[in-house]
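Counting starts at 1 for both ligands and their atoms, following the listed order.
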Amino acid sequence: MDRLVIKGGKRLKGEVEISGAKNAALPAIAAALLASGEHMVARVPDLRDIKTMGRLLENMGAEFHYKPHKAVITTNKINNLEAPYELVKEMRASVLVLGPMLARFGKAKVSLPGGCAIGARPINLHLMGLEKMGAKIELESGYVIASAKRLKGADIHFDTVTVTGTENLMMAASLAKGTTILRNAAREPEVADLASALTAMGARINGAGKSTIEIEGADELRPLTHKVIPDRIEAGTFMAIAGITGGDITIRGCVPEHVKAFLIKLKAAGLRINEGADWVRVIGPGSLKAVNIKTAPYPGFPTDMQAQFMALMSIAKGTSIITETIFENRFMHVAELRRMGANISFKGNVATVRGAKGLKGANVMATDLRASASLVVAALRAEGETTIHRVYHLDRGYEKIEEKLTRLGADVRRKKR
Ligand code: EPZ
């Protein structure tokens, strides 16, 4: 297992180009299952999760060719309507094949994802929606077995805002008979991006990016050509890095609108921000101010930035209260940040961060994707050397992270085992 060794204490400066969004590329690739033919998805980041999605589609009989940053998927010969445990356990987003498979082929067998490092993460709302659309759902030996002659439009209300749940049902509804209304739908930019991909395939979708989405099902869709949006979480992570190192980083190729909630908190923490149409320049202050945050579905403060923001707050002046409302177990990074000298405690979903004078390098363990990003943020500030173990978590979501950091002046090396 690879490790990252970071010598902290440098002010990072320069420009960084943001990659395509993993969480927009994954549903776009799954959407290829909705139509027969050759599909093309551009700006797909070169990440382990993308390869896992490719393997999943190949296992179903599709051809998947990936060359940075373009995925070409051919779906003429789908002959296996199953997402097996081995692949779903590697990547929960595999569940995104359920809606398209069921809608196009009338059948799907998908392993239940199970819990993960950040929470229980059930898929009951995905299943509730498909049932409302007329699917028969059975659970057998850890698998969801879904069938339907043809899905029909339905009026569906989500009790909880769910990103992949909204995406799964939006894809299923695109081929259903009649109109589907999704209420209390996720408004994340990745959902809106999937809607534009589906629209390019011939789907009729209204309201994507809003909490009520209306989808008029089509009998058939055409192959997809789509370029995914830039990764707002990668962009936010580099902003946190500029802040913690007192650096000056221009983040290029991003959508400032997608990181609004985060920018507001960064400004409150004392960072200087300039922005243009597709760039944000972030200048870190000499001393950071403590700021409270509470995660919420988009357009609120993203749970995927909570860990990185906590790392930033670990050296801020004062006490900051961080409330996580999306996942019940998303404080795994706290114990690791403490190893570096951070003064953080938590009870339930509320963490109290008392700003420390500084951080010190240590051996730390990555536990999930964003937790590992927070360790990188902290390590870049820490005095001395930090070794981040199990860095494969980071590789799921950050393309060429060491190269990008090195170009900004960081001292970072990957040690292979
Ligand atoms: C997506 O996960 C993202 N993954 C996550 O990205 C992100 O953290 C999360 O949305 C929240 O923004 C992808 O887009 C591939 P949810 P998802 O369904 O869709 C509960 C990353 O680091 N819920 O929106 O799985 C659930 O338990 C990650 O890139 C139900 O109760 O998250 C959670 O508390 C990790 N029943 C809340 O809803 C359901 O059927 C939101 O989860 C579905 C969800």
Side-chain angles (χ1 to χ4, degrees), residues 19-31 44-45 47-50 52-53 56 88 90-99 110 112-132 137 139 144 156-171 182 184-194 211 228-229 231-237 258-259 261-262 295-308 324-330 332-333 349 366-374 393-399:
S19 299
K22 161 182 85 77
N23 289 347
L26 292 170
I29 293 170
V44 175
L47 297 171
R48 229 180 53 165
D49 274 11
I50 298 296
T52 308
M53 188 55 107
L56 179 59
V88 179
E90 256 182 58
M91 184 186 68
R92 301 181 50 87
S94 305
V95 75
L96 285 166
V97 300
L98 174 60
V110 175
L112 276 168
C116 74
I118 61 176
R121 302 183 76 183
I123 58 161
N124 58 312
L125 299 171
H126 304 226
L127 303 183
M128 170 280 292
L130 293 173
E131 267 180 336
K132 280 211 137 193
I137 307 275
L139 299 180
V144 175
I156 298 165
H157 175 88
F158 293 104
D159 287 340
T160 306
V161 176
T162 161
V163 175
T164 49
T166 303
E167 291 167 347
N168 233 336
L169 295 187
M170 205 162 66
M171 290 190 278
L182 302 178
N184 197 24
R187 289 184 281 165
E188 269 65 4
E190 293 75 17
V191 173
D193 193 51
L194 174 64
S211 55
V228 301
I229 52 171
D231 196 312
R232 64 193 166 103
I233 306 300
E234 187 197 17
T237 303
H258 292 172
V259 286
F262 190 58
T295 63
Y298 191 84
F301 190 98
T303 174
D304 289 346
M305 280 305 306
Q306 177 259 107
Q308 300 90 313
E324 169 59 53
T325 72
I326 308 292
F327 293 112
E328 65 274 23
N329 193 25
R330 211 172 197 184
M332 301 278 277
H333 42 284
N349 67 335
T367 49
D368 75 72
L369 170 54
R370 308 304 170 187
S372 23
S374 79
H393 286 292
L394 194 69
D395 295 337
R396 294 185 56 180
Y398 291 89
E399 185 177 38

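- Taking a cutoff of 4.0 Å between a charged side-chain nitrogen and a carboxylate oxygen, Asp49 and Arg92 do not qualify as a salt bridge.
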What does the contact table look like for ligand 1 (nitrogen or oxygen on each side, cut-off under 3.5 Å)?
{"from": "ligand 1", "atom 1": "2 (O)", "to": "Arg121", "atom 2": "NH2", "distance (Å)": "3.2"}
{"from": "ligand 1", "atom 1": "6 (O)", "to": "Asn23", "atom 2": "ND2", "distance (Å)": "3.2"}
{"from": "ligand 1", "atom 1": "6 (O)", "to": "Asp304", "atom 2": "OD2", "distance (Å)": "3.1"}
{"from": "ligand 1", "atom 1": "8 (O)", "to": "Asp304", "atom 2": "OD1", "distance (Å)": "2.6"}
{"from": "ligand 1", "atom 1": "8 (O)", "to": "Asp304", "atom 2": "OD2", "distance (Å)": "3.4"}
{"from": "ligand 1", "atom 1": "18 (O)", "to": "Thr162", "atom 2": "OG1", "distance (Å)": "2.7"}
{"from": "ligand 1", "atom 1": "19 (O)", "to": "Thr164", "atom 2": "N", "distance (Å)": "2.8"}
{"from": "ligand 1", "atom 1": "19 (O)", "to": "Thr164", "atom 2": "OG1", "distance (Å)": "2.6"}
{"from": "ligand 1", "atom 1": "22 (O)", "to": "Arg330", "atom 2": "NH2", "distance (Å)": "3.4"}
{"from": "ligand 1", "atom 1": "22 (O)", "to": "Arg370", "atom 2": "NE", "distance (Å)": "2.8"}
{"from": "ligand 1", "atom 1": "24 (O)", "to": "Val163", "atom 2": "N", "distance (Å)": "2.8"}
{"from": "ligand 1", "atom 1": "25 (O)", "to": "Arg121", "atom 2": "NH2", "distance (Å)": "2.9"}
{"from": "ligand 1", "atom 1": "29 (O)", "to": "Lys22", "atom 2": "NZ", "distance (Å)": "3.1"}
{"from": "ligand 1", "atom 1": "29 (O)", "to": "Asn23", "atom 2": "ND2", "distance (Å)": "3.1"}
{"from": "ligand 1", "atom 1": "29 (O)", "to": "Arg370", "atom 2": "NH2", "distance (Å)": "2.8"}
{"from": "ligand 1", "atom 1": "34 (O)", "to": "Ile326", "atom 2": "O", "distance (Å)": "2.5"}
{"from": "ligand 1", "atom 1": "36 (N)", "to": "Pro122", "atom 2": "O", "distance (Å)": "3.4"}
{"from": "ligand 1", "atom 1": "36 (N)", "to": "Asn124", "atom 2": "OD1", "distance (Å)": "2.7"}
{"from": "ligand 1", "atom 1": "40 (O)", "to": "Pro122", "atom 2": "O", "distance (Å)": "3.3"}
{"from": "ligand 1", "atom 1": "40 (O)", "to": "Asn124", "atom 2": "N", "distance (Å)": "3.1"}
{"from": "ligand 1", "atom 1": "40 (O)", "to": "Asn124", "atom 2": "OD1", "distance (Å)": "3.2"}
{"from": "ligand 1", "atom 1": "40 (O)", "to": "Leu125", "atom 2": "N", "distance (Å)": "2.7"}

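- For the pair Lys22 and Glu234, the salt-bridge criterion is not met [side-chain N within less than 4.0 Å of a carboxylate O].
- Rounding to the nearest 0.5 Å gives a distance of 11.5 Å between NZ of Lys132 and CG of Leu169.
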Worked check of side chain to side chain contact (heavy atoms under 4.5 Å, CB included) between His393 and Thr367: CA-CA 7 Å; His393 286 292; Thr367 49; 5.5 Å; no

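- Between Leu98 and Leu130 the shortest side-chain heavy-atom distance falls below 4.5 Å.
- Among residues two or more places apart in sequence or in another chain, the salt bridge (charged side-chain N to carboxylate O under 4.0 Å, His left out) test is passed with Asp368 by none.
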